[in-house]
Amino acid sequence: MTGEPRRVHRPQRPHTRWEIDEQTTLGAAYVRSLMRGQLRTGLAVFAVLVLLLATLPLFFGALGSATVVWAVLGFAAYPVLVLLAWWYVRRAERNESDFARLVEGAEHRGGP
């Protein structure tokens, strides 16, 4: 009991995750970068969708056949929408994995 008091060794929390959890300026910058990437992805898909929808009346006017118009609206539009949704989900997941790799890489280097 006469020796120096020992310090209790607490496991270190990863610094970068702590920054994000505590919402510090650096943590907010990390989260903002993820949010900007997700926003860019969403806006890109939205722009493609608007472009496709804006050109449909021109396409339908050139066709002139009501049967083809209904076939395009009833069948051909859905694979395009599914493809856009698939690309969006893949890109959003890639953004998140890039963010996770960025955070883990910063932790392994010893900080931000």
Side-chain angles (χ1 to χ4, degrees):
M1 297 283 186
T2 60
E4 283 187 35
R6 292 185 178 180
R7 291 187 181 175
V8 176
H9 179 65
R10 294 184 183 145
Q12 289 282 349
R13 287 188 67 191
H15 185 67
T16 308
R17 288 185 186 174
W18 179 85
E19 295 279 349
I20 293 170
D21 290 342
E22 295 298 319
Q23 298 177 354
T24 64
T25 305
L26 180 60
Y30 277 124
V31 173
R32 263 195 320 272
S33 72
L34 173 63
M35 291 173 61
R36 273 194 310 265
Q38 298 292 43
L39 179 64
R40 275 192 304 269
T41 302
L43 289 176
V45 169
F46 182 71
V48 169
L49 186 61
V50 166
L51 182 66
L52 289 174
L53 290 177
T55 58
L56 273 180
L58 298 174
F59 177 70
F60 292 155
L63 287 177
S65 170
T67 306
V68 175
V69 168
W70 281 107
V72 168
L73 286 176
F75 299 107
Y78 292 105
V80 173
L81 292 176
V82 168
L83 183 65
L84 274 174
W86 176 79
W87 182 83
Y88 172 76
V89 168
R90 294 272 312 218
R91 187 62 204 168
E93 288 174 350
R94 187 178 309 147
N95 286 343
E96 290 175 5
S97 67
D98 290 347
F99 176 75
R101 243 181 297 149
L102 173 73
V103 170
E104 289 170 3
E107 290 170 359
H108 292 300
R109 287 190 305 266

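It should be emphasised that the depicted structure is a prediction, and the values quoted were computed from it without experimental measurement.
In this structure, W87 places its CH2 atom where more than 12 heavy-atom neighbours from other residues, nucleotides or ligands lie under 6.0 Å away.
To the nearest 0.5 Å, atoms CD (Q38) and CD (E93) are separated by 9.5 Å. Note that OH of Y88 and CG of L83 are 15.5 Å apart. Values are rounded to the nearest 0.5 Å.
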For residues 39-59, which side-chain N or O atoms pair as donor and acceptor with protein atoms under 3.5 Å away, sequence neighbours left out?
| from | atom 1 | to | atom 2 | distance (Å) |
| --- | --- | --- | --- | --- |
| T41 | OG1 | G37 | O | 3.0 |
| T41 | OG1 | N95 | ND2 | 3.0 |
| T55 | OG1 | L51 | O | 3.1 |
| T55 | OG1 | L52 | O | 3.0 |

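No continuous path of hydrophobic side-chain contacts links V89 to M35 [ILVMFWY only; heavy atoms under 4.5 Å].
Taking all atoms of both residues into account, the shortest heavy-atom contact from F60 to V72 is CE2-CG1, 3.7 Å.
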